[in-house]
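Below is one structure, written out as structure tokens; comments come after it.
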Amino acid sequence: MLREPAHQVSPTAKTMWLVTAVVTDVFPWAGLVVWMLLAPGQRAIQWPVLGLLVVVTVVHVGVSPFWRYRVHRWEVTDAAVYTQSGWIHQERRIAPISRIQTVDAQFRPVERLFGLGTLVVTTASASGPLHISGLQRAHVEALAADLTRITAATEGDAT
Amino acid sequence: MTSPAQHDGDVLRQPGAGQWRRLSARMLLVHPVSEFLSLFPAFAGLFIFGQTQDDGMPWPIRASFIVVPVVLGVLRYLTTTYRITPERLQLRRGLLQRATLTAPIDRVRTVDITASPLHRLLRLAKVTIGTGADAPVELNGLPAQIARQLRVDLLHRVTLREQAPDVAPYAVRHATAPNTQDPTPAHGQGQSPDQETLICAFRPRWITYAPFTLSGWLVVVAVVGFLAQFGTNLIERIAESEVVTAVEAHLAAALWWIIALEVLLLLVVIVVVFSVASYLLSYWGYRLTRHPGGTMQVTRGLLTTRTVNLEEARVRGVRFYEPALLRLAGGARLSGLLVGSGMSATPHDATGRAMLTPPTAASIVRAAADQVLRTSEPLAVRVTPHGPAARRRRFTRAALAGLFILVAAGGPVWWWGAPSWILPAAAVPLLLTPVLARERYRALGHAVADGYLVSRSGIFPRGTDVLALTGVIGWVVHASFFQRRVGLVTLWATTAAGFGMVRIIDVPVATAYQLIGELTPALTRLPGR
């Protein structure tokens, strides 16, 4: 059995995920409020939807950031990049250093707000790159530089 | 335009090979036709507009239908030139916006030849040269013989490079593999590059599998959709015709089940006719061959012929696929998992898969797969089942799907008073679930056989992916909430070929990590605990 990756992401990531969850959940709530104001005759459908939305919001805002923080882990060894992410649905990704094609440091607006960033490692596979999100900005840059140097030294076209 | 006389030599080294030259002058006959076809929507619009005018269409517009394509075609011919030097192949084209496309000879990965009926009549061909990096270079209109020679030259050059041991580990592995069960004589030694080994070839009786493909149904759907969209006028005219009147009289008199039978029969006839026609158009003359230089070649087509070349160093495995109807008829089809190049426009590179056999008898497809893989083990191996938890999951999921259908059908009956005979009909899937679930579990499994990872799943359709272990470039372990509760995961072996991964569904967590450890030991050797 493979153990978990060694490192957790920055604790600031919890705050970031919380804020992101709140902001995204505003939209369905706004939609529901408008619907309830415009169509008072459909309360029979609107109440169950409201109840469902309350549950979803509580889980999404109140639980998911902290659950995510416990799940999200990463590790870079001299052989592989290894990540674990998700909350309800979890996934682990392993890519050998020798198969890495590109290494990107990504700083989206929300991440910049919290001084965080994402390390994106792509391989030749079309089934998706590895993301390590919620790392300190300086940390992302250092890791990207390291990995770029290591992969540049590896031969082959990584397919 | 000089017409090159002798081409039995090396096209790349011929006298004058490095000069800029035009494509075959016979393209002056082809270009206007293709320009007309590409302008056809605009012309059709003008034509319909002209019909609405009282005095018909003004003659300049009528003339433009002929003049514009001819002028464009001639311009295209005059402005397109190509040059082949020992280092690179270049194509210059465009009147106002000149563009030069370059393909370095030593990066050429695919050389595909297509010939439309018009091309074939004039003994011309279109050569598409892909380097895997940039847009492919299209030489539309070389004499067919030169096209064939160019392909041999280019691929021969490529394969010389690819046979370096570190670049083509697969070729080396296979060359040294002790259990090569290939019935054909030894490859690769002392043969000329255009000598080929036949792996599989079209037989006319394969068309019995045509009705079991979806192509006939697709044509029917497309025709019905087209008529519904644009054909109201046409339908009205048909409706007023004598045939329809006779049919109407018949329908009024006949019993309902006779009508139903007739409609069904008509549908079957239409589907069979269209599917056989489309099967013949696509697969007539199909041949899968292997060339000692390290390429495989698929040739096919009744009217438009296509020749696709697959470098063996790019092949990472195969997918043995039995779609629903085809499987009932005992048929299957085979595609190759190729290290793709998303930029290339050739059909196989768009998806990273290449057709290796058309839909035909499963045994023929199996034999072809064994030859392509150079081992019969991956498809003969008994796959490891995924255990009781995976089995239960098949049953719950099947039952949930059956229940969903019942509820979806039952809702309208309950609330809106839909006819109640729907209920028993909708309960059929739920009653069938135990059978389906058991079959689905029996199909599910994975194995490692002779250097390949094998993963099988599904009943209708059933897919078996065979991926070379050397083509595995990483792993993804998915675990949904319900999977974690019962200790299962879905394991993806990621690869540069095919759709980017091979899925092993609902495998026990311990088995998954054991597999990762066995197949890629370096990855799981993590420092410290």
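Bear in mind the structure is a predicted one, so any value in this text is a computation, not a measurement. Proteins come first, then strands; the chains are lettered A, B, ... in the order of their sequence lines, and each starts at number 1.
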side-chain contact (heavy atoms from CB on, under 4.5 Å) filter on B:Val448, not counting sequence neighbours, yields B:Leu453, B:Leu469, B:Leu515, B:Leu519

side-chain contact (heavy atoms from CB on, under 4.5 Å) partners of A:His60, counting only residues at least two apart: A:Ala21, A:Thr24, A:Asp25, A:Ser64, A:Trp87

Rounded to the nearest 0.5 Å, what separation is found between the OG1 atom of B:Thr490 and the CD atom of A:Glu91? 11.5 Å

If the contact rule is any heavy atom under 4.5 Å from chain A, which residues of residues 477-487 of chain B qualify, in numerical order? B:Val477, B:His478, B:Ala479, B:Ser480, B:Phe481, B:Arg484

Measuring only between side-chain heavy atoms, which start at C-beta, is B:Tyr513 closer than 4.5 Å to A:Arg92? yes

Neighbours of chain B found in residues 26-33 of chain A - heavy atoms under 4.5 Å: none

Nearest heavy-atom pair of A:Arg99 and B:Thr470: which atoms, and what distance? NH2-O, 2.8 Å

For B:Ile473 and A:Pro96, the nearest pair of non-hydrogen atoms, with its separation, is O-CD, 3.0 Å

With a 4.5 angstrom heavy-atom cut-off, is it the side chain or the backbone of B:Val502 that approaches chain A, or both, or neither? neither

